[in-house]
Amino acid sequence: MISDQTMPLPDSQEVAKVLTQALPYIQRFAGQICVVKYGGNAMTEEELKNSFARDVVLLKLVGMQPVVVHGGGPQIGACLKALNLGTEFINGIRVTDKRTMEVVEMVLGGKVNKEIVQLIQNNSGTAIGITGVDGQTIQAEKLESSDGIDYGYVGKVTGVNTKLITKLLNNNIIPVIAPVGSGPNGERFNINADTAASSIAAALQASKLLILTNTRGVLDKKMELIQRVNKQQVNDLIADGTISGGMLPKIECALNALHEGVKSVQIVDGRIPHALLLELFTEDGFGTQILP
Ligand SMILES: Nc1ncnc2c1ncn2[C@@H]1O[C@H](COP(=O)(O)OP(=O)(O)OP(=O)(O)O)[C@@H](O)[C@H]1O
Ligand SMILES: [Mg+2]
């Protein structure tokens, strides 16, 4: 007769099942680069941020090469407010004058970036935080809009230098990148974090770009989750106004990344604990997969 002590507990059975289910994914993803865009809007609760950091460390430990690119819109907004500086959005883009740019750079490169680095380190990972200025990782120029609006120091990406990121990856370090771009005349530009993440994913020829945000994924008119969406469907959803605001740059970047050779792009709900693990290592995955 088997004694009680040797009988596996139901909980441990469950853990074993989950680990077994993850095995083929771990094998498939070994050594591959996964760029994770962590949206400022998904960085709300402390516990969520910590579970994100733990997931990133776990990805590294099972052999993937995670690269984190983060946003920080709400954090920039809060700092501007504390400094009594107004801010204006036109077409979802923050008009960024010189003073605002100083705040953007401080908040993204100082506060948000170091917070993520610290959380990864608290979970025994090794991370180095940089902005796109370091190593000229993100090269940028002023965004000239077709509508004649002057957005100030809002930049568009003109190039990505992957040397520094590659050095970090080769040394088993998790790069954490703030979306600040370096201009041709030494000026710095505020770059949309989705754009920064997709440009970096494309330059690295990453196998995955995961965009963590504060919705379940791309939602249709009835607010239901769309599991897969291709370019043509995206165009229709934009034309009828279903996709708007912060989802616009996300979708555009997702399509660009696919076009430039990133193998898979997924928009997932960063408000769910362990969103990264669920997407990468379970059969169902979740969120919206963007197709060319
Ligand atoms: N069809 C849609 N489906 C889902 N979200 C949509 C859709 N259309 C517009 N949105 C908006 O896009 C938002 C996500 O973009 P947002 O820029 O706010 O977050 P983020 O990019 O994750 O954060 P950050 O800009 O700080 O990096 C959602 O909260 C939602 O309000
Ligand atoms: Mg956004």
Side-chain angles (χ1 to χ4, degrees), residues 35-45 48-49 52 68-81 87 89-96 100 103-105 107-109 111-113 115-116 131-132 138 143 151 154-157 176-181 190-201 209-231 233-257 265-272 275-276 279 286-290:
V35 174
V36 184
K37 191 265 173 160
Y38 192 33
N41 282 312
M43 290 177 214
T44 45
E45 293 157 36
L48 267 183
K49 281 192 270 191
F52 167 80
V68 178
V69 180
H70 61 83
Q75 293 81 354
I76 293 166
C79 189
L80 287 169
K81 199 171 161 206
T87 194
F89 280 91
I90 304 177
N91 300 325
I93 299 174
R94 187 191 301 277
V95 180
T96 307
T100 307
V103 175
V104 167
E105 195 168 11
V107 173
L108 290 178
K111 186 177 190 298
V112 181
N113 187 276
E115 195 178 347
I116 299 172
T131 80
I138 303 175
L143 175 77
Y151 292 103
V154 172
K156 77 163 199 217
V157 179
V176 179
I177 306 167
V180 177
N190 179 11
I191 310 283
N192 174 281
D194 301 312
T195 316
S198 72
S199 306
I200 289 170
L209 169 62
L210 289 184
I211 303 177
L212 265 61
T213 185
N214 65 341
T215 69
R216 282 174 290 146
V218 182
L219 307 177
D220 66 14
K221 245 192 267 320
K222 293 184 205 142
M223 302 297 276
E224 273 162 24
L225 178 72
I226 308 173
Q227 287 186 323
R228 276 186 200 82
V229 70
N230 65 26
K231 191 172 179 176
Q233 293 164 320
V234 161
N235 287 339
D236 296 343
L237 290 167
I238 292 173
D240 72 9
T242 309
I243 292 178
S244 62
M247 192 50 74
L248 283 171
K250 239 178 272 305
I251 288 281
E252 196 186 315
C253 291
L255 289 169
N256 277 347
V265 183
Q266 190 93 11
I267 297 177
V268 297
D269 194 341
R271 299 166 307 174
I272 308 235
L276 273 182
E279 161 47 28
F286 78 132
T288 303
Q289 185 178 14
I290 315 295

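When a ligand or atom number is given, it counts from 1 through the structure's own listing order. As the structure is a prediction and not an experimental result, all values here were calculated from the model. Sequence positions, counted from 1, serve as the residue numbers for this chain.
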field: Nearest neighbour in protein (non-hydrogen) for atom 27 (O) of ligand 1
entry: K37 NZ, 2.7 Å
task: Indicate yes or no: does an N/O atom of G39 lie under 3.5 Å from an N/O atom of ligand 1?
output: no
- request: Write out the residue and atom name of the closest protein heavy atom to atom 28 (C) of ligand 1, then the distance separating them to 0.1 Å.
  value: T215 CG2, 3.2 Å
field: Protein heavy-atom partner closest to atom 24 (P) of ligand 1 - residue, atom, separation in Å
entry: G40 N, 3.5 Å
message: Can you report which non-hydrogen protein atom sits closest to atom 1 (N) of ligand 1, along with the distance?
response: T242 O, 2.8 Å
field: Option among I76, V176, V107 that satisfies the side-chain contact (heavy atoms from CB on, under 4.5 Å) test with V112
entry: V107
Shortest non-hydrogen contact from V265 toward A254: CG1-CB, 3.5 Å
message: Check this for me - ligand 1, Y38, N or O atoms closer than 3.5 angstrom, yes or no?
response: no
- prompt: For atom 3 (N) of ligand 1, what's the nearest protein heavy atom and its distance?
  reply: L219 N, 2.9 Å
- line: Counting heavy atoms under 4.0 Å, the part of P249 that contacts ligand 1 is neither
task: Only heavy atoms count here, so choose which of Q75, M247, H70 is nearest to atom 11 (C) of ligand 1.
output: M247
- prompt: With a 4.0 Å heavy-atom cut-off (strictly under), which part of R216 contacts ligand 1: side chain, backbone, both or neither?
  reply: neither
